[in-house]
Amino acid sequence: MNQSILKYLKNYSYDTKDVNRLLVSSFLVVNKIKKVKNTFINHFIISEEKELNQVTEFIQLFDKHSFDIEELIELFEFVISPQDKEVNGAVFTPEYIRKHIVEKTIEKQNSEALSDLKFGDIACGCGGFFKTITEYYRDNTEKSFYEIYRDNIYGLDIQEYSILRTKILLSLLAIINDEDRIAYEFNLYCGNALSFNWKTIETIYENNGFDAIVGNPPYVSSSKMDEETKALLVNWSVSKTGKPDLYIPFFEIGMGNLNENGILGYITVNTFYKSLNGRSVRNYFSSNKFDISIIDFGGEQLFKKRSTYVGFPKLELLKFLKVQYSYSFPILI
């Protein structure tokens, strides 16, 4: 990402409304989209002269006058306040990792049922995994963007602005691909994954859970959690004791919300298979007779400007018809 763009945003505002309007308006201008039917996106289009000057100033920073959806995802993640990143563990997941996880989870499903699969991301951030899932469906089915959003993807995040930005992202993804509708139907919810009950969502209940859950669970150390989060951790067997980090219960939450043929695909830190705090989750895998294999792809820095060093091993967890994929990296403090 062009550092001039990031610098401009850093100095512009951390107010979500201001940033959303600047990014949406700039995206439409750079991509030469002059008129939009979608009511939701129209709320973010800047028309005031002073702000239009700022849009012009901003888009001049883009190389070759391009602004694609991947850049929008990265910018949405960049403008999350430092305080929220620390408390909620939000991290941008590179596109090639998302593609690999999505493709691997779908490979394990019956291809004939592809159009009906229910995908969940229970800490969806700004919706990067949903962009990847949607593109796969567009390439491999005849479903419209509207139908994919309505039938196949379900998201949850603790921050309202993340859910809002996921809606913006998916709406613009459809619009830039010539499917501009007055409205889209989304299955996106604001809530805490540690306490959210997916059985209250009728379509997931009728499906006996998700066919696949993918994502990048939040990494927050126990020392940085608020008291509410710490209290909720004890509801999950893998995080009842010790000082578990926030990503630990996401294994159990994910597994608990899959149907009998469901697949879990995560990228997450790998400290759980060697740390004292990961003992409970290791016991959870063992008692459920999971077969675990780890393939190390070598050191690579996947996450820009983060104190993470990536060994990027692949973890495969198998239980009868359940297959989980987790792509892990160590964090060095």
Side-chain angles (χ1 to χ4, degrees), residues 1-33 41 43-98 123-132 157-173 175-176 216 218-220 224 267 300-310 329 331-333:
M1 177 61 67
N2 186 320
Q3 292 302 308
S4 297
I5 294 173
L6 301 182
K7 183 178 179 181
Y8 187 97
L9 283 174
K10 186 176 181 180
N11 295 327
Y12 184 73
S13 176
Y14 273 117
D15 182 86
T16 56
K17 182 179 179 181
D18 292 343
V19 172
N20 290 346
R21 295 178 75 235
L22 175 67
L23 291 179
V24 168
S25 298
S26 300
F27 183 89
L28 295 173
V29 171
V30 173
N31 287 285
K32 297 180 172 59
I33 299 172
I41 290 298
H43 288 309
F44 300 96
I45 296 177
I46 290 172
S47 58
E48 296 83 358
E49 184 176 350
K50 180 180 177 181
E51 289 182 288
L52 281 172
N53 291 335
Q54 291 176 312
V55 170
T56 301
E57 186 178 84
F58 181 61
I59 64 177
Q60 288 174 348
L61 302 174
F62 284 82
D63 296 331
K64 300 179 182 178
H65 302 287
S66 66
F67 187 0
D68 63 23
I69 291 290
E70 279 300 317
E71 288 174 302
L72 182 61
I73 296 171
E74 192 167 354
L75 291 176
F76 273 152
E77 296 289 352
F78 174 78
V79 295
I80 296 173
S81 73
Q83 293 84 359
D84 281 352
K85 287 182 181 180
E86 184 173 279
V87 173
N88 299 318
V91 180
F92 170 76
T93 308
E95 181 182 22
Y96 77 96
I97 296 176
R98 301 196 313 265
C124 67
C126 299
F129 272 92
F130 293 144
K131 180 256 188 187
T132 303
D157 199 89
I158 198 168
Q159 294 289 355
E160 289 186 11
Y161 64 71
S162 291
I163 295 301
L164 183 69
R165 286 171 174 168
T166 298
K167 291 179 180 180
I168 291 172
L169 178 80
L170 295 177
S171 298
L172 290 176
L173 178 62
I175 290 168
I176 200 173
N216 185 349
Y219 182 82
V220 179
K224 294 180 180 178
I267 175 168
E300 185 177 352
Q301 185 72 34
L302 291 183
F303 296 91
K304 299 174 183 178
K305 297 185 182 295
R306 300 282 294 190
S307 57
T308 56
Y309 184 76
V310 181
F329 59 92
I331 285 191
L332 301 182
I333 303 300

The criterion is side-chain contact (heavy atoms from CB on, under 4.5 Å); which residues satisfy it with [X], sequence neighbours excluded?
X: Asp15; value: Ser13, Lys17, Asp18
X: Glu48; value: Arg21, Ile46, Glu51
X: Ser162; value: Asp157, Gln159

Counterpart residues, ring pair (Phe, Tyr, Trp, His ring centres under 6.0 Å), relative to Phe27 (two or more places apart):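 Per chain and number, Phe27 pairs via ring pair (Phe, Tyr, Trp, His ring centres under 6.0 Å) with Phe67.
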Side chain proximity check, [X] to [Y], heavy atoms < 4.5 angstrom:
X: Leu28; Y: Leu172; value: yes
X: Ile41; Y: Ile175; value: yes
X: Leu23; Y: Phe58; value: yes
X: Ile73; Y: Glu95; value: no

Got a sec, which residues hit salt bridge (Lys or Arg N to Asp or Glu O under 4.0 Å) with Arg98, two or more places apart in sequence or on another chain?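 Glu70.
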Looking at [atom1] of [X] and [atom2] of [Y], how far apart are the two atoms once the value is rounded to the nearest 0.5 Å?
X: Phe62; Y: Asp68; atom1: CZ; atom2: CG; answer: 9.5 Å
X: Leu75; Y: Leu6; atom1: CG; atom2: CG; answer: 6.5 Å
X: Tyr12; Y: Leu22; atom1: OH; atom2: CG; answer: 4.5 Å
X: Glu160; Y: Thr16; atom1: CD; atom2: OG1; answer: 9.5 Å

For Ile168 and Phe76, what are the C-alpha separation, side-chain angles and deciding distance, and is it a side chain to side chain contact (heavy atoms under 4.5 Å, CB included)? CA-CA 10 Å; Ile168 291 172; Phe76 273 152; 3.9 Å; yes
Begin from the C-alpha positions of Val19 and Arg165 and carry the test side chain to side chain contact (heavy atoms under 4.5 Å, CB included) through to its verdict. CA-CA 11 Å; Val19 172; Arg165 286 171 174 168; 4.1 Å; yes
Applying side chain to side chain donor-acceptor pair (under 3.5 Å), name anything that partners Tyr8, two or more places apart in sequence or on another chain.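 With neighbours one apart ignored, the set is Glu57.
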